[in-house]
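Notes follow the structure.
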Amino acid sequence: MLYSDKVMDHFMNPRNVGKLDDADGIGEVGNAKCGDIMKIYIKVDNELISDVKFQTFGCGSAIASSSMATELIKGKPVHQALELTNKAVVEALEGLPAHKIHCSVLAEEAIKCAIEDYQMKKSC
Ligand code: FES
């Protein structure tokens with residue numbers, strides 16, 4: 001089986017899909033090679049990620065990675081969310097095929113981007 005049950009579950013029933021109109025930070029990244037795009041919205045209260053949503057226009061692994069990544073940072077302190085690696089996402093998904101690892105990198109990058117956006121707005 002190419003994909004784990006976890007990947008299939010998060011692809012078929014993705015968690016936290018959508019957008020947050022009152023987001024405190026938004027991160028959008030894309031992969032130039034495959035053309036996939038991922039957008040992450042975060043809401044922050046008392047330095048905790050109180051809500052997170054994603055919109056992913058991409059492959060199944062990118063959707064599963066976004067779903068798992070949002071689950072991993074939800075309710076976590078911002079500094080901890082910033083440390084989320086694509087490796088942690090892949091582990092939580094019980095693996096991805098080698099040629100699909102870049103999809104999990106998008107999730108890490110989009111979260112970092114959303115947090116940076118939040119931190120930049122906060123300091124203005
Ligand atoms: Fe590009 Fe998955 S093939 S993100």
Side-chain angles (χ1 to χ4, degrees):
M1 179 85 166
L2 190 57
Y3 293 106
S4 71
D5 290 346
K6 272 266 162 69
V7 173
M8 289 313 290
D9 177 32
H10 280 263
F11 168 57
M12 303 294 277
N13 311 290
R15 329 299 198 258
N16 309 309
V17 177
K19 63 185 284 201
L20 294 173
D21 288 329
D22 57 348
D24 294 311
I26 300 173
E28 184 173 343
V29 293
N31 181 298
K33 266 196 192 151
C34 63
D36 292 354
I37 296 170
M38 196 180 285
K39 205 165 176 179
I40 300 257
Y41 303 79
I42 55 168
K43 183 92 197 127
V44 180
D45 287 301
N46 292 323
E47 288 303 300
L48 289 180
I49 310 275
S50 56
D51 204 0
V52 52
K53 295 259 186 258
F54 79 87
Q55 291 175 315
T56 292
F57 307 97
C59 73
S61 299
I63 291 168
S65 295
S66 327
S67 170
M68 182 55 88
T70 54
E71 284 287 273
L72 290 173
I73 66 161
K74 206 174 190 176
K76 296 275 162 56
V78 169
H79 70 89
Q80 212 170 309
L82 206 45
E83 286 167 7
L84 181 79
T85 61
N86 81 295
K87 199 167 167 263
V89 174
V90 172
E91 273 169 20
L93 287 172
E94 295 170 356
L96 277 176
H99 68 286
K100 288 287 178 182
I101 295 293
H102 79 270
C103 318
S104 65
V105 173
L106 271 190
E108 177 189 326
E109 288 176 352
I111 285 173
K112 287 201 163 66
C113 215
I115 293 175
E116 276 163 22
D117 182 46
Y118 156 69
Q119 289 173 333
M120 230 164 62
K121 283 178 182 150
K122 199 178 64 163
S123 63
C124 294

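Atom-to-atom distance recorded for Gln55:CD and Glu28:CD is 9.0 Å, nearest 0.5 angstrom. Here the NE2-CG distance, from His79 to Leu48, works out to 8.5 Å after rounding to the nearest 0.5 Å. Rounding to the nearest 0.5 Å places CG of Asp51 at 10.0 Å from CD1 of Ile73. One finds the CG atom of Asp117 at 12.5 Å from the CD1 atom of Ile40 (value rounded to the nearest 0.5 Å).
Dense packing is recorded around CG of Asn13, with more than 12 heavy atoms of other residues, nucleotides or ligands lying under 6.0 Å away. Within 6.0 Å of the CG atom in Asn46, the count of heavy atoms belonging to other residues, nucleotides or ligands does not exceed 12.
Side chain of Lys121 to main chain of Gly25: no donor-acceptor pair is present (N/O by atom type, distance under 3.5 Å, no hydrogens or angles). Using modelled atom types, one side-chain atom of Asn31 and one backbone atom of Lys33 make a donor-acceptor pair closer than 3.5 Å.
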field: Residue pair Met38, Val29: steps toward the side-chain contact (heavy atoms from CB on, under 4.5 Å) verdict
entry: CA-CA 5 Å; Met38 196 180 285; Val29 293; 4.3 Å; yes
- request: Evaluate the side-chain contact (heavy atoms from CB on, under 4.5 Å) criterion for residues Gln119 and Val78: first the C-alpha distance (whole Å), next the side-chain angles of each, then the deciding distance (0.1 Å), finally the verdict.
  value: CA-CA 10 Å; Gln119 289 173 333; Val78 169; 4.1 Å; yes
message: Applying side-chain contact (heavy atoms from CB on, under 4.5 Å) to Cys103 and Cys59, what does each step give before you reach the verdict?
response: CA-CA 8 Å; Cys103 318; Cys59 73; 3.6 Å; yes
- request: Run the numbers on Val52 and Tyr41 for side-chain contact (heavy atoms from CB on, under 4.5 Å), then give the verdict.
  value: CA-CA 6 Å; Val52 52; Tyr41 303 79; over 6 Å; no
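With contacts defined as side-chain heavy-atom distances shorter than 4.5 Å, the pair Phe57/Asp36 does not qualify. In this structure, the side chains of Phe11 and Ser61 stay at 4.5 Å or more apart for every pair of heavy atoms. Two residues are said to be in side-chain contact when any heavy atoms from C-beta on lie closer than 4.5 Å; Pro14 and Thr56 fail this criterion. At a threshold of 4.5 Å between non-hydrogen side-chain atoms, the residues Lys43 and Ser50 count as touching. Contact annotation: the side chain of Lys100 never approaches that of Leu2 to less than 4.5 Å [non-hydrogen atoms, C-beta and beyond]. Looking at heavy atoms from C-beta onward, Ser65 lies in side-chain contact with Leu93 at the 4.5 angstrom threshold.
Here the shortest heavy-atom pairing between Leu84 and Ala69 reads CD2-CB, 4.0 Å. The nearest pair of heavy atoms linking Ala81 to Ile111 is O-CG2, 3.9 Å. For the residue pair Phe54 and Ile63, the shortest heavy atom distance occurs at CZ-O, 3.9 Å. Contact record, Gly95 with Ser4: O-OG, 4.2 Å, taken as the closest heavy-atom pair.
When the side chains of ILVMFWY residues are joined at heavy-atom separations under 4.5 Å, either directly or via intervening members, Met68 and Leu106 end up in two distinct hydrophobic clusters. Leu96 and Met8 fall within the same hydrophobic cluster, defined by Ile, Leu, Val, Met, Phe, Trp and Tyr side-chain heavy atoms under 4.5 Å apart, directly or through other members. In the hydrophobic clustering of ILVMFWY residues, with side-chain heavy atoms under 4.5 Å counting as a link, Val89 and Leu82 come out together. Two different hydrophobic clusters hold Leu20 and Val44 under the rule that ILVMFWY side chains link at heavy-atom gaps under 4.5 Å. If you chain together hydrophobic residues whose side chains sit under 4.5 Å apart, Leu72 and Val7 fall into the same group.
Checked for salt-bridge contact, Lys76 and Glu83 miss the test: no charged N lies under 4.0 Å from a carboxylate O. A salt bridge links Asp9 with Arg15: at least one charged nitrogen is closer than 4.0 Å to a carboxylate oxygen.
The list of side chain to side chain donor-acceptor pair (under 3.5 Å) pairs with a residue in residues 102-112, not counting sequence neighbours, reads Asn86-Ser104, Glu108-Lys112.
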